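Structure, as structure tokens:
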Amino acid sequence: MGKGITSREEDYSQWYIDLVKKADLAENSDVRGCMVIKPYGYSIWESIQQGLDKMFKDTGHVNAYFPLFIPKSFLAKEASHVEGFAKECAIVTHYRLKNAEDGSGIIVDPDAKLEEELIVRPTSETVIWNSYKKWIQSYRDLPLLINQWANVVRWEMRTRLFLRTSEFLWQEGHTAHATRQEAEKETLLILDVYADFVENFMGVPVVKGKKSEGEKFPGAVDTYCIEALMQDGKALQAGTSHFLGQNFAKAFDVQFTGKDGKLDYVWGTSWGVSTRLIGGLIMAHSDDEGLIIPPKLAPIHVVIVPIFKSDEELERITEKVDVISAELRRKGYSVKYDNRDTHKPGFKFAEYELKGVPIRLAIGARDLENGTIEMARRDTKEKKVVPFDEVTALIPPLLVEIQANIYQKAFKFREEKTTKVDSYEDFKKLLEEKGGFFLAHWDGTQETEAAIKEETKATIRCIPLDSPEEDGKCMYSGKPSKRRVLFARAY
RNA sequence: CGGGGCGUGGCGCAGUCCGGUAGCGUACCUGGUUUGGGACCAGGGGGCCGCAGGUUCGAAUCCUGCCGCCCCGACCA
């Protein structure tokens, strides 16, 4: 086990916190509920942004930016929406500070009260639809396919680094369409983009599905999601895509004239993923030695550690290393040469394992003599000595293999942890003993869903899109059911 | 917001019951020896003990109030 890292077996959530802090991804800020994302962690977020941003652009979306502040009246326009967020909003009430008369410090100037309070956005549907009203007159203005990268604030009672913080970073897409079909298609298109990204970049397999009435986004007609399974058997919602129907168009009076000259409300979607993905990435792959980051998101692909006894030896090693790092960089890989003489090689090995660098090369005097270099992969811990001249050719396919292996491992784990159950007794028993995903029949009522949640803490993660029609009986009520839904305890 | 725990050099902790002016590990700095899986030796710097009152000759320690953090629950991406 890594030094100072709690093992997963001993305490999974402490293990997670240890990794985030020790691998230098993030730390708790002195600002309650907020985190500082450190350079190494932010670099992962930048890779996520780059990957997703390209996919959004490739599917016709463009980026824009809307205000952080939302007038209270905007939020109030869509009833279920306000209700959904009311309990966790930060509110700006004043716009000026002043020195206290008694010299006790700086106070809020009571004379500088805002006429209308501003809400720090918990999400931007309302400000954005307020703009869309001005932008949309005709079917020719549609569709409107806009995304924004932003921060949002939800006043959380209990926070966990990356998984739940009061302020977090995300992207939120907001689109407007002329027809219901088109908006529904967009909702599912984005769901596919998310699933593609999470599986192929993050190496985390997901279940695509639809949320139950009880779990959907306030203000949406339908909420779709991708659900991932963490190593402790709990589910993590990794992304959501909402079909908003005409709810926001009606709330903000966004109408357009169709080809037929008739006036109609616009159809909308919204969708988002957040820095929470980083939490999922950690919990899906990493081990007791530290992070395991898939190559496609790794801030550093290859780290090179020289093993030397003298300056002269280091110079000879550096000369050789410069050749391969230049070549790897030319091919587009991120390479770090750690030639510090203040730490021993063993220390560096442990450090880069902790940080999840996919490939480590080590080269010393022995290798110089033999024309070799040691190549180690983080995911399997496998080490082998290879000819120096071949190493740059070996790395690209190895990175591909590591990416694939990480996914395969997570996929296999999910398969093993996905259980079909037909009785409530089995469900409760296996939920405790085994954890993971459960496919079970449900009568479709909110009452049953709530009762199961109350009794077991497990929720319906989604109604999987690919689940086949199958006659069965609800495991709780015994009423007829047409298909199985996905249950799990969740983050 | 309810229940529990904790605030002491950067980090992790001991000392608090039983008051006497702060210690350990680690990290840090300097010098030397080391370097193929988290080096060693020697020397050195750093803390008004969460904050504010009170008791006392004297408070990290006792009393009162406040603040913050962590864990468990309810709510949530």
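Just so it is clear, the structure is predicted and the values come from calculations on it, not from any experiment. Sequence lines set the chain letters: A, B, ... in the order given, protein chains first and strands last, and positions in each chain run from 1.
In a base pair of the Watson-Crick type (N1 to N3 plus N6-O4 or O6-N4) or a G-U wobble (N1-O2 and O6-N3), with each distance short of 3.5 Å, B/rA39 is matched with B/rU33. For B/rG12, the paired base is B/rC24 (Watson-Crick or G-U wobble, both distances below 3.5 Å). Under the Watson-Crick and G-U wobble criteria, each requiring two contacts below 3.5 Å, nucleotide B/rC69 is paired to B/rG5.
As judged by a 4.0 angstrom heavy-atom cut-off over every strand, A/Arg360 is placed among the base-contacting residues. At the heavy-atom level, A/Ala365 lies under 4.0 Å from base atoms of the strands shown.
With hydrogens and angles ignored, no donor-acceptor pair under 3.5 angstrom links the side chain of A/Glu289 to the base of B/rG37.
Take A/His301 and apply the ring-ring contact (aromatic ring centres under 6.0 Å, His included) test, not counting sequence neighbours, and it matches A/Tyr333.
Taking atom P on both nucleotides, B/rC41 is separated from B/rG73 by 45 Å, rounded to a whole Å. Comparing B/rG65 with B/rG2, their P atoms are spaced 16 Å from each other, to the whole Å.
Aromatic ring pairs are classed by plane angle as parallel below 30°, tilted from 30° to 60° and perpendicular above 60°; the pair A/Phe197 and A/Phe201 is parallel.
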Under 3.5 Å between N/O atoms: give me all the protein pairs with nucleotides 31-35 of chain B, atom names plus distance.
from: B/rU35; atom 1: O2'; to: A/Phe308; atom 2: O; distance (Å): 3.4

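To the nearest 0.5 Å, atom CG of residue A/Leu281 and atom CE of residue A/Met230 are 9.0 Å apart.
A straight line from NZ of A/Lys381 to C1' of B/rG38 spans 13 Å, rounded to a whole angstrom.
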